[in-house]
Amino acid sequence: MFIEPSLAGERRGWIEVICGSMFSGKTEELLRRLKRARIANLKMEIFKPGIDIRYDEQQIVSHDENKVMSTPIDNSQQILLLAQEVDVVGIDEAQFFDAELPYVCDQLALRGIRVIVAGLDMDYRGRPFGIMPALLAKADYITKLHAICVKCGNIASFSYRKTASKETVLLGEQDVYEPRCRHCYYEKPA
Ligand SMILES: Nc1ncnc2c1ncn2[C@@H]1O[C@H](COP(=O)(O)OP(=O)(O)O)[C@@H](O)[C@H]1O
Ligand SMILES: Cc1cn([C@H]2C[C@H](O)[C@@H](COP(=O)(O)O)O2)c(=O)[nH]c1=O
Ligand SMILES: [Zn+2]
């Protein structure tokens, strides 16, 4: 389990990345860390990409329907304007953000802000997803989570797409995706 570092003095600020497949618990882990930051009376702003309206337009919602209010944004630079005077910034679905997000996270950390980012590390093809590799390279702390493979019960790192759609971005839930381990993923079709 991730334990928050306790850094004294002025030079605080760091980047945490939570990654893994769909259903691996990324959003739950993000919510857990934000809840603890709230208990510590830290000021925070939470963001998600405007396109992610699967469950709710404003809230971040986990697959188990735990939720927190967030600000949907279309451009990662908006975070630099909106995250004034805060101690913590939370960002969900980072894979959907533009190329500037790693730079934005760097700038926030330089301001002394704790930045907690969650995102899919691989797309349905098993390829690195968008800006996630760049973000992982800049992260001070990385947590890789795993789902349970729906085929065999082993740990799952892959998000298998059950439909024939070929576009990289396709919002969906269990109707479209299932978590699979490496062996079951490459054994497709089911
Ligand atoms: N195959 C699965 N493996 C693990 N968790 C699953 C699976 N299918 C459904 N879940 C549920 O999904 C929850 C994780 O949801 P969430 O935090 O939203 O994941 P993520 O953000 O990584 O997609 C788990 O606590 C569990 O209840
Ligand atoms: C693999 C994959 C996923 N997506 C979409 C599907 C969901 O809407 C989100 C991931 O949400 P989660 O919180 O990680 O469950 O991303 C996509 O657009 N393209 C893909 O290849
Ligand atoms: Zn498997």
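In each ligand, atom 1 is the first atom listed, and ligand 1 is the first ligand listed.
- Looking at Q174 next to ligand 1, no N or O pair under 3.5 Å apart turns up.
- For ligand 1, the atoms lying closer than 4.0 Å to a non-hydrogen atom of S62 are 17 (O), 18 (O).
- Taking every heavy atom of E93 and a limit of under 4.0 angstrom, the matching atoms of ligand 2 come to 9 (C), 10 (C), 11 (O), 12 (P), 13 (O).
- In this structure, atom 19 (O) of ligand 1 lies nearest to the protein heavy atom G25 N, 3.2 Å.
- More than 12 non-hydrogen atoms from other residues, nucleotides or ligands lie less than 6.0 angstrom from NZ of K144.
- Side-chain contact between I131 and D98: absent, with no pair of heavy atoms (C-beta onward) separated by less than 4.5 Å.
- Annotation for Q84: atom CD counts as buried by contact number, over 12 foreign heavy atoms lying within 6.0 Å.
- Neither the backbone nor the side chain of V176 has a heavy atom within less than 4.0 Å of ligand 2.
- For A147, no nitrogen or oxygen atom sits less than 3.5 Å from a nitrogen or oxygen atom of ligand 1, counting backbone and side chain alike.
- Of all protein heavy atoms, the one lying nearest to atom 19 (N) of ligand 2 is T168 O, 2.6 Å.
- Listed by number with element, the atoms of ligand 1 under 4.0 Å from a non-hydrogen atom of S21 are 22 (O).
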Would you check, one step at a time, whether the test side-chain contact (heavy atoms from CB on, under 4.5 Å) holds for T168 with R125?
CA-CA 8 Å; T168 300; R125 292 187 176 93; 3.6 Å; yes

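- For ligand 1, the atoms closer than 4.0 angstrom to any heavy atom of M22 are 23 (O).
- Considering backbone and side-chain atoms alike, L170 places an N or O below 3.5 Å from some N or O of ligand 2.
- Heavy-atom contacts of E28 reach the following atoms of ligand 1: 13 (C), 14 (C), 17 (O), 24 (C), 25 (O) (cutoff under 4.0 Å).
- At least one side-chain heavy atom of K67 sits less than 4.5 Å from a side-chain heavy atom of V61.
- Contact atoms of ligand 1 toward H63: 12 (O), 15 (O), 16 (P), 18 (O), 19 (O), 20 (P), 23 (O) (distance under 4.0 Å to a heavy atom of the residue).
- Among the atoms of D52, none of the N or O lies under 3.5 angstrom from an N or O of ligand 2.
- Computed with the Zn ion (ligand 3) at the centre, the C181 SG to C152 SG angle is 110°, stated to 10 degrees.
- Taking only nitrogen or oxygen atoms, main chain and side chain alike, L120 does not reach within less than 3.5 Å of ligand 2.
- The backbone N or O of P179 lies less than 3.5 Å from no partner atom in the side chain of Y185, so there is not a single donor-acceptor pair.
- Inter-residue side-chain proximity for E16 and R114 is flagged as met; some heavy-atom pair is nearer than 4.5 Å.
- With ligand atoms numbered from 1 in the order given, ligand 2 contributes 8 (O) to contacts under 4.0 Å with heavy atoms of L171.
- Heavy-atom separations between R161 and ligand 2 include at least one value shorter than 4.0 Å.
- Remark: among candidates I155, D64, N66, the nearest residue to atom 27 (O) of ligand 1 is D64, based on non-hydrogen atoms.
- When SG of C149 and SG of C184 are joined through the Zn ion (ligand 3), the resulting angle is 110° to the nearest 10°.
- Salt bridge annotation for R32-E29: present, with a cationic side-chain nitrogen under 4.0 angstrom from a carboxylate oxygen.
- Residue, atom and distance of the protein heavy atom nearest to atom 1 (N) of ligand 1 are I148 O, 2.9 Å.
- Judged by distance alone, with hydrogens and angles left aside, the side-chain atoms of K162 form a donor-acceptor pair with the main-chain N or O of Q174 at under 3.5 Å.
- For the pair D87 and M44, the minimum side-chain heavy-atom distance is 4.5 Å or more.
- Between Y141 and P5, the closest side-chain pair of non-hydrogen atoms falls below 4.5 Å.
- S24 counts as a contact of ligand 1, since one of its heavy atoms falls under 4.0 Å from the ligand.
- Backbone and side-chain nitrogen or oxygen atoms of P179 are examined, and none is located within less than 3.5 angstrom of a nitrogen or oxygen of ligand 1.
- By the 3.5 Å distance cut-off applied to N or O atoms, F23 is counted among the residues near ligand 1.
- Partner of F158 under the ring-ring contact (aromatic ring centres under 6.0 Å, His included) criterion, out of F23, Y186, Y177: Y186 alone.
- Put simply, part of H63 is less than 4.0 Å from ligand 2, judged by heavy atoms.
- Side-chain N or O atoms of D92 include none that pairs as donor or acceptor with a backbone N or O of K48 at under 3.5 Å.
- Contact annotation: Q95 has at least one heavy atom less than 4.0 Å from an atom of ligand 2.
- The residue from F96, F23, Y124 that puts a heavy atom closest to atom 16 (O) of ligand 2 is F96.
- Note: no N/O pair closer than 3.5 Å links D123 and ligand 2 by distance alone.
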